[in-house]
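One structure is given here, and the rest of the page talks about it.
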There are 2 protein chains.
Amino acid sequence: MGKNVKLKDIARELNLSKTTVSFVLSGIGDEKGISKATQAKILDYSQAINYRPNQLAQSLTSGITNTIGLIVPSIGDAFYAKLVKEIEKEAEKRGYVILISSSERDSRREMNLIYTMRAKQVDGLVIAPTDNCKKEVEKLLEDNFPFVLVDRICLELDTNYVIIDDEESSYKLVRNLIDKGRRKIAFLTTDTKGSAILNRAKGYHRALEDTGTKLDRSLVKEVPRENYSAYTGDILRELFENHPDIDGFFFAAHYLASETMLYMYKNGMDISSFGLATIHDNPVVEALAPNMSVAKIPLDVMAGKAVNILWTNMKKKGVNEMSGTVIPAKIVIKD
Amino acid sequence: MGKNVKLKDIARELNLSKTTVSFVLSGIGDEKGISKATQAKILDYSQAINYRPNQLAQSLTSGITNTIGLIVPSIGDAFYAKLVKEIEKEAEKRGYVILISSSERDSRREMNLIYTMRAKQVDGLVIAPTDNCKKEVEKLLEDNFPFVLVDRICLELDTNYVIIDDEESSYKLVRNLIDKGRRKIAFLTTDTKGSAILNRAKGYHRALEDTGTKLDRSLVKEVPRENYSAYTGDILRELFENHPDIDGFFFAAHYLASETMLYMYKNGMDISSFGLATIHDNPVVEALAPNMSVAKIPLDVMAGKAVNILWTNMKKKGVNEMSGTVIPAKIVIKD
DNA sequence: CCAACTTACTAAACCGGTTAACTAAATATA
DNA sequence: TATATTTAGTTAACCGGTTTAGTAAGTTGG
């Protein structure tokens with residue numbers, strides 16, 4: 001790589017001072033009273049040698065890196081990949097670039113990532129937090145560092161966040177199944193204890209209560225989040241054995257829905273005979289279960305709001321007023 | 001945010017010089033002859049006030065940011081999301097963090113991204129290049145900047161790269177279909193002209209030639225990459241109308257395979273009656289077409305090799321010997 | 001008892017930019 | 001003609017670390 005040209009080199013070459021060159025290249029040449037002739041000379045030469053300012057040096061003085069840190073549970077997951085894409089898009093609009101990492105749902109890792117990113121002086125953080133996020137997020141609050149949580153929140157803490165109305169959406173979906181005459185609705189959820197999952201369970205419970213349907217705990221199954229694919233088969237088999245008359249399913253997550261659809265498809269079951277509903281879907285669900293009602297998480301809206309909140313927080317360096325935003329999921333009822 | 005503690009603050013507080021503090025915190029206290037007592041004092045105090053060195057400043061002097069730039073066509077795409085995940089994993093092993101951006105298959109954007117990332121002083125770049133990558137990649141070569149291409153290469157340029165054996169894999173897949181007695185094998189590809197796509201077409205052609213099968217141009221369909229989903233239906237309809245006796249398909253990309261499977265499934269066609277093969281698959285293909293042969297792209301291997309090549313390139317700052325690696329896709333034949 | 005050597009640090013330059021404060025020369029004003 | 005103002009720059013400090021070269025005080029050897 002070698003000889004990257006610096007401001008000093010340009011200055012020496014043109015018999016000018018670093019200051020003059022810096023003024024011109026920063027676009028404040030007129031303002032600083034640099035003659036048109038000199039400006040042209042500087043611009044031409046910089047162009048010719050393909051000068052590229054070192055942003056590290058610039059950031060060191062300005063205190064701004066134009067970089068946002070983004071931490072998600074797993075970038076390999078199609079859902080988070082879409083979220084990342086939208087956040088990248090929004091960030092780019094405002095001139096930010098994204099430093100990304102996966103927490104792998106491990107709060108220790110999450111803490112380290114936050115540390116690393118802050119060391120790299122990111123201007124702000126967007127985090128889809130782990131279940132045990134309290135400690136590291138608390139530190140961000142203490143330091144009054146700009147950040148916003150997305151998709152899930154950190155219980156007990158007053159932070160910026162953008163999430164969907166998990167409980168309400170779940171309520172509506174389950175309520176709809178019951179209203180359509182379904183009586184034995186199984187609930188597949190995960191063993192994680194994040195805010196989103198907990199609220200989805202609440203929605204399920206409330207819909208049962210409101211309709212006077214008795215909660216049958218044996219219809220509620222917690223699939224281990226790690227390696228869920230390996231467990232779903234056995235869990236479903238057991239479920240169908242104990243309850244051959246199940247007539248509906250509510251899924252707390254898209255991957256549980258698709259796993260179940262695959263199971264039914266492979267076992268020759270009639271998917272269309274069930275009342276089905278899920279929080280967010282995926283291509284497999286769309287393909288196999290046109291009759292699945294869905295609460296679609298509007299990732300573009302979520303990303304837009306999140307980056308916006310973060311942006312205002314980064315601008316006013318003063319006190320942070322926390323802004324919690326709950327956006328409605330897009331409910332699509334199918335029959 | 002406010003009062004980030006600096007080296008100077010620690011030095012003042014402990015009545016020591018910046019130098020001493022820096023030595024100790026860099027772990028070279030012994031080497032530099034700083035007394036144990038002083039070292040302990042510095043370490044304790046830094047810990048207590050939660051000192052966090054500013055990596056911008058460190059990088060400015062060292063010339064190293066421990067950051068890798070990663071540019072993919074689209075991070076929202078499940079395939080690239082997986083690739084990103086693997087690259088992140090490999091990078092992390094070596095202490096690197098990832099700056100990510102999507103080129104959106106636009107070489108202008110790609111050029112700007114490369115510029116931005118170099119301005120931010122990334123130590124190296126991993127790029128899944130656009131079809132028109134020549135200009136920007138040439139500049140990287142000129143500047144002897146460390147980078148490696150993945151998934152696709154830049155035609156006519158001698159660079160580092162890691163790709164799969166597109167032609168050979170395609171050949172094997174198509175050859176297998178023919179050997180199993182398929183005679184009218186349609187080829188669905190895209191209108192893009194990247195290296196991967198071109199080589200997959202070559203494989204298809206060569207398999208036909210070697211088996212004395214006549215190439216029927218009307219069996220080859222280029223689906224527009226942008227908004228492919230909107231076009232596939234019409235293209236397939238036309239294909240089946242003109243060739244009711246099609247008995248096989250070879251897909252140049254997983255999304256073409258899944259779109260076609262969805263079409264067949266929705267139209268009640270018997271998927272199992274066709275001979276099917278694709279380069280890489282996805283969950284929908286797996287679900288609907290257990291009889292589809294696949295050349296799986298080993299993203300973990302690809303990422304591992306790529307980061308490794310990049311890493312050695314970043315270490316030896318000298319001349320770059322370009323290392324092109326072609327890894328075999330994992331061929332899975334199904335019936 | 002003085003030179004030589006250790007020990008335990010420090011001053012200042014540097015990385016590559018930005019910026020506040022200053023100046024020399026040219027022109028305008030009184 | 002002497003002074004004020006404008007024009008077109010420059011000097012040097014700074015951002016927050018690292019690093020080279022150096023030094024003061026204490027210890028050892030002859």
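In what follows, chains carry the letters A, B, and so on, assigned in the order in which the sequence lines appear, proteins first and then strands, with residues in each chain numbered from 1. Because the structure is predicted, anything quoted here is derived from the model rather than measured.
Within 4.0 Å (heavy atoms only), B:Asp9 reaches no atom of the nucleic acid at all. If you check every strand for non-hydrogen atoms under 4.0 Å, A:Leu16 touches sugar and phosphate atoms only. Residue contacts shown for B:Ser62 are absent, as no nucleic acid heavy atom lies under 4.0 Å away.
In this structure, B:Ser22 reaches the D:dT18 phosphate: one of its side-chain N or O atoms is under 4.0 Å from OP1 or OP2. For B:Gln58 and D:dG16, the shortest distance from a side-chain N or O to OP1 or OP2 is not below 4.0 Å. An OP1 or OP2 oxygen of D:dG16 is reached within less than 4.0 angstrom by no side-chain nitrogen or oxygen of B:Tyr51. Between B:Ser35 and C:dC9, a side-chain N or O to OP1/OP2 separation shorter than 4.0 Å is present. A:Lys6 has a side-chain polar atom (N or O) that falls below the 4.0 Å cut-off from OP1 or OP2 of C:dG16. Distances shorter than 4.0 Å separate some side-chain N or O of B:Ser17 from OP1 or OP2 on C:dT10. Phosphate contact (OP1/OP2 of C:dT10, side-chain N/O of B:Thr20, threshold under 4.0 Å): present. In terms of phosphate contacts, B:Gln55 brings no side-chain nitrogen or oxygen within less than 4.0 Å of OP1 or OP2 of D:dG17.
B:Ser62 contributes a side-chain N or O that, together with a main-chain N or O of B:Ile64, makes up a donor-acceptor pair within less than 3.5 Å. A donor-acceptor pair under 3.5 Å is absent between the side-chain atoms of B:Asp123 and the main chain of B:Ile68, judged by distance alone. Using a distance-only test at 3.5 Å, with no hydrogens or angles considered, a donor-acceptor pair links the side chain of B:Thr61 to the main chain of B:Gln58.
A:Lys8 has its NZ atom 16 Å from the C1' atom of D:dT10, to the nearest Å. If you take CD1 of B:Ile28 and P of D:dT18, they are 9 Å apart, rounded to a whole angstrom. Put simply, NZ on A:Lys32 is 12 Å from C1' on D:dG9, counting in whole angstrom units. Rounded to whole Å, atom C1' of D:dC15 lies 9 Å from atom CG of B:Asn54. Across the protein-nucleic acid pair, A:Ile34 atom CD1 and D:dT10 atom C1' stand 10 Å apart, rounded to whole Å. We find that CD of A:Glu31 is positioned 14 Å from P of D:dT7, with the value rounded to whole Å.
Comparing B:Ala57 and B:Phe23 by the nucleotide of DNA chain D that holds the closest heavy atom to each, the one mapping nearer the 5' end is B:Ala57. Checking B:Leu60 against B:Thr19, the closest nucleotide of DNA chain C that is more toward the 5' end is the one next to B:Thr19.
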CA sep, side-chain torsions, deciding dist, call: A:Asp9, A:Lys6, salt bridge (Lys or Arg N to Asp or Glu O under 4.0 Å): CA-CA 5 Å; A:Asp9 301 328; A:Lys6 327 168 204 174; 5.3 Å; no
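Heavy-atom neighbours of B:Arg94 CZ from other residues, nucleotides or ligands within 6.0 Å: above the threshold of 12.
For D:dG17, the base has a donor-acceptor partner in the side chain of B:Lys18 [N/O atoms by modelled type, under 3.5 angstrom].
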